[in-house]
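Notes to accompany the following structure.
In what follows, chains carry the letters A, B, and so on, assigned in the order in which the sequence lines appear, proteins first and then strands, with residues in each chain numbered from 1.
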Protein chains: 2
Amino acid sequence: MYRIEEAAKKTGLTKRALRYYEELGLVNPSGRTESGYRMYTDEDIAHILHVKNTRDLLGASLQEIKDMMDLAHKYELLKQGYYQGVSAEEKLNLLTELERTLLAKRGFLQEKMNKLSELLANYDEKLTRIARKKRELQAEIENEKEEP
Amino acid sequence: MYRIEEAAKKTGLTKRALRYYEELGLVNPSGRTESGYRMYTDEDIAHILHVKNTRDLLGASLQEIKDMMDLAHKYELLKQGYYQGVSAEEKLNLLTELERTLLAKRGFLQEKMNKLSELLANYDEKLTRIARKKRELQAEIENEKEEP
DNA sequence: GAAAACAATAACGTTTACGTTAACGTTACA
DNA sequence: TGTAACGTTAACGTAAACGTTATTGTTTTC
């Protein structure tokens with residue numbers, strides 16, 4: 001179990017950010033000491049890193065991430081056998097909604113990857129052109145040395 | 001040549017955003033009408049789309065994008081034969097700096113793609129689990145119909 | 001056991017990337 | 001030809017995501 005400073009170091013976020021994320025309901029440290037200090041477990045850390053990754057990779061807002069997580073949480077509850085009183089039909093509806101959401105996100109992600117690989121190719125092209133130009137210049141410099 | 005509203009439609013940005021980008025020096029419409037209306041060419045549109053893509057894909061700030069572009073512009077000048085008075089050594093230095101910057105960005109991009117494909121795999125896993133669960137539930141519902 | 005280091009909450013401040021409104025000139029068209 | 005519809009600049013407003021500071025309590029360390 002870590003206190004907030006350790007958690008900050010392990011995640012690369014600031015302490016302020018961690019408190020802010022908690023305020024938004026995105027991250028809940030597993031416990032508090034008697035005196036009120038936040039305590040983070042390794043699981044908490046992993047969760048925070050996942051949030052950070054989602055933010056950076058998908059460019060999602062913290063609110064969007066929270067919405068995603070709330071949905072995922074619903075799914076966890078269903079999987080673990082809560083929702084006893086709920087009919088199979090209603091469960092099916094929930095699952096279908098989840099599936100739709102995930103598919104949409106998956107599509108978004110896929111599109112993003114495609115564009116990224118285009119960009120990557122673009123960079124590579126530029127890099128090879130630069131490398132060629134560099135060789136030309138180096139040759140030029142060698143020549144100047146020989147015949148001043 | 002398009003006026004600002006057309007340019008906004010073609011790029012998916014707002015008119016305000018286009019003016020803002022211009023304020024930052026990120027985008028310069030090729031011309032103005034006599035009365036002061038901004039006029040965008042297809043090349044301008046392509047450039048704007050590139051800026052937008054970089055923003056969305058790399059999550060770069062507009063300032064970072066501008067810095068990148070300024071460097072790229074320097075390279076263009078060099079390639080097109082300006083920099084007459086500049087010695088080969090100095091040109092080589094500029095190219096080396098450019099190369100370093102691009103390599104760093106390339107690495108960043110590559111890392112991002114790796115993480116993204118992890119995330120994609122994660123989504124796919126979740127999706128197959130959901131699909132399986134859905135089939136189970138559907139079977140359950142069928143059974144209930146037969147033996148009520 | 002006193003200082004230094006770390007924690008908490010609360011509240012105000014800041015940056016980025018625009019949105020919105022105002023006041024005014026330009027273009028298109030019925 | 002007048003009135004929408006579109007353009008301009010200027011200036012103030014705003015949401016998100018924290019940063020910073022103040023005040024106060026806790027833990028660690030010498």
Does a side-chain N or O of [X] approach OP1 or OP2 of [N] to a distance below 4.0 Å, or not?
X: A:Thr14; N: D:dG19; value: yes
X: B:Tyr21; N: C:dC18; value: yes
X: A:Arg19; N: C:dA8; value: yes

With the threshold set at 4.0 Å, does a side-chain nitrogen-carboxylate oxygen contact exist between [X] and [Y]?
X: A:Glu140; Y: B:Lys91; value: no
X: B:Glu125; Y: A:Arg106; value: no
X: A:Lys66; Y: A:Asp70; value: yes

What is the distance, to the nearest angstrom, from the [atom1] atom on [X] to the [atom2] atom on [N]?
X: A:Glu5; N: D:dT28; atom1: CD; atom2: C1'; answer: 13 Å
X: A:Arg16; N: D:dA16; atom1: CZ; atom2: P; answer: 14 Å
X: A:Leu18; N: C:dA7; atom1: CG; atom2: C1'; answer: 13 Å
X: A:Ile4; N: D:dC18; atom1: CD1; atom2: C1'; answer: 13 Å
X: A:Tyr20; N: D:dA17; atom1: OH; atom2: P; answer: 5 Å
X: B:Leu24; N: C:dT16; atom1: CG; atom2: P; answer: 10 Å
X: B:Glu22; N: C:dC18; atom1: CD; atom2: C1'; answer: 15 Å

Requested in this report: Determine the contact category for A:Arg3: base if any of its heavy atoms lies under 4.0 Å from a base atom, sugar-phosphate if only primed atoms, P, OP1 or OP2 are that close, otherwise nothing.
Outcome: sugar-phosphate
Per-pair distances, 0.1 Å, donor-acceptor, side chain in residues 97-105 of chain A, under 3.5 Å, sequence neighbours excluded:
{"from": "A:Glu99", "atom 1": "OE1", "to": "B:Lys134", "atom 2": "NZ", "distance (Å)": "2.8"}
{"from": "A:Thr101", "atom 1": "OG1", "to": "A:Glu97", "atom 2": "O", "distance (Å)": "3.0"}

**Report entry** Any donor-acceptor pair under 3.5 Å from B:Lys115 side chain to A:Asn53 backbone
**Finding:**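 The answer is no, because no donor-acceptor pair under 3.5 Å joins these two groups.
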Requested in this report: Give the C-alpha distance, both sets of side-chain angles, the deciding distance and a yes or no for salt bridge (charged side-chain N to carboxylate O under 4.0 Å, His left out) between A:Arg129 and A:Glu136.
Outcome: CA-CA 11 Å; A:Arg129 278 209 305 266; A:Glu136 285 174 25; over 6 Å; no
Query - For the student: nearest non-hydrogen atoms of A:Val86 and A:Glu90, plus distance - result: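 Heavy-atom minimum between the residues: CG1-CB, 3.5 Å.
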Query raised in the report: Are the side chains of A:Gln63 and A:Leu24 in touch, meaning some heavy atoms are under 4.5 Å apart?
Result: no
Query - Residue-level proximity of residues 58-67 of chain A to DNA chain C when a heavy atom falls under 4.0 Å - result: none
Report task. Given side-chain hydrogen bond (donor to acceptor under 3.5 Å, both in side chains), test B:Asp42 with B:Tyr2 step by step and report yes or no. Result -> CA-CA 8 Å; B:Asp42 280 316; B:Tyr2 317 106; 2.6 Å; yes
Query raised in the report: What parts of residues 31-56 of chain A reach DNA chain D, counting only heavy atoms under 4.0 Å away?
Result: A:Ser35, A:Tyr37, A:Arg55
Report task. Kindly point out which of D:dA17, C:dC18, C:dA7 is positioned nearest to the side chain of A:Lys15? Result ->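 Nucleotide nearest to A:Lys15's side chain: C:dA7.
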